[in-house]
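One structure below.
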Amino acid sequence: MHNPNDPSLTSWVESAQGSDFSIQNLPFGIYQMEGITPRAASAIGDQVVDLYMASALFSADWKYDRTVFLSPSLNAFISLGREAWKATRRELSLLLMGGKEAKPELASRILIPMHRVEMLLPVEIGDYTDFYSSIDHATNVGIMFRGKENALMPNWKWLPVGYHGRASSVVVSGTNLHRPKGQTSAADDQPPVFGPSRLVDFELEMGYIVGQGNALGDAVSTEEAEGHIFGLCLFNDWSARDIQRWEYVPLGPFLAKNFGSTISPWIVTMEALEPFRVPGYVQDPAPLEYLQTTGDRNFDLNLEVFIQPEGKEETRVCQSNFKYMYWSIAQQVAHHTVNGCNLRVGDLLASGTLSGPEPSSFGSMLELSWRGTQPVPLNDGSERKFIQDGDTVIIRGHGIRNGVRVGFGEVRSKILPAK
Ligand code: CA
């Protein structure tokens with residue numbers, strides 16, 4: 001059986017070599033362009049692959065309804081199940097593999113240069129849940145607000161802390177967001193003030209798209225959990241720290257978070273990420289039985305955050321990694337469903353801010369500037385404590401194994417002045 005992850009595979013699409021979108025990746029997304037309504041695509045190098053056109057060339061082994069690729073979201077395709085995802089990736093790999101000789105006729109039928117298309121929100125997201133699973137992030141925030149002694153709350157090492165976010169304001173890369181307005185606390189004993197947030201921040205996260213639901217009442221075990229995930233994307237969980245600080249007691253984040261969250265347009269499948277598995281943290285205390293796992297459940301994916309002031313060059317402000325998760329995807333899914341909560345196809349789960357142990361790996365301005373006390377220098381000579389109007393925040397991510405690169409492209413969005 002053909003293995004799309006085979007590191008020796010190369011593509012006749014020359015730009016694929018060394019690209020985030022190598023032939024070993026083959027992610028899924030939704031594109032549109034003039035004359036073409038929104039429909040499903042894959043990516044190879046600097047080209048988009050039209051899946052409806054490509055599927056006409058798939059072998060007889062591929063036994064699904066091609067019209068799923070004409071849908072304006074991936075939900076119809078994802079609902080076909082893992083065998084269909086794997087079969088599609090295999091057929092794409094067979095179509096796109098080969099030596100150096102270009103195939104202009106085939107290219108003209110199925111490829112479109114990426115710069116000519118607009119990428120759209122890849123899935124219709126039903127529900128969005130955000131976790132808080134990086135131990136360095138939770139520790140940093142805890143130290144800032146509670147002191148070193150009580151940095152981690154008593155529950156933190158026993159369960160993957162999370163909250164229900166809002167799906168309606170999850171937008172695709174390239175969508176700009178206005179600085180939110182809201183209540184923030186004033187000086188002691190004064191009433192709160194209303195106005196634009198002064199502490200807008202990014203959160204470096206990975207998102208996971210649910211590919212297989214579970215019935216209400218049924219728990220998903222850690223062993224089954226990854227089987228319920230279609231793939232991963234980059235995720236910026238925008239946060240207004242001053243609004244958050246005033247509003248979050250006692251029920252958690254609300255308006256500080258739901259003014260917008262940005263996801264990358266390409267979903268990289270769990271199959272393509274298989275070679276990047278690494279062990280997670282040693283968990284002490286050992287988790288309760290329903291959260292225990294075997295095998296390597298973390299993924300070695302390099303993540304970077306850049307800030308680009310209006311009209312200026314970008315500056316990298318953070319280098320982190322998805323492997324810095326204390327609670328793995330498997331544990332998060334098992335915990336989410338242990339009470340019988342049903343996940344549905346297209347739901348979005350997010351990792352929580354991904355900070356590593358080094359200050360250069362902190363995944364938010366809150367941590368990078370240590371609550372505004374240590375401004376972060378930018379290449380244009382300016383500095384940032386938090387995100388200013390006109391700043392574009394860009395997250396990029398990729399892994400490299402056996403000389404093969406598999407990446408996510410980028411997620412970018414700009415903060416516009418308050419409305
Ligand atoms: Ca978050």
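Just so you know, ligand 1 is whichever comes first in the structure, and atom 1 is the first atom listed for that ligand.
Shown here is F254, whose CZ atom has no more than 12 heavy atoms of other residues, nucleotides or ligands within 6.0 Å.
Taking the ring centre of F386 as origin, the terminal cationic atom of R241 falls outside the region bounded by 6.0 Å and 45° from the ring axis. With Y52 as the aromatic partner, R66 meets the cation-pi criteria of under 6.0 angstrom to the ring centre and within 45 degrees of the ring axis.
Closest non-hydrogen pair, N25 versus R89, comes out as O-NE, 3.1 Å.
For the atom pair CG of N298 and CZ of F322, the computed distance is 7.5 Å after rounding to the nearest 0.5 Å.
Listed by chain and residue number, the protein N/O/S atoms under 3.0 Å of the Ca ion (ligand 1) are D130 OD2, E203 OE1, E205 OE2, D237 OD2, with waters left out.
Legend: residues meeting ring pair (Phe, Tyr, Trp, His ring centres under 6.0 Å) with Y281, ordered by chain and number and at least two apart, are absent.
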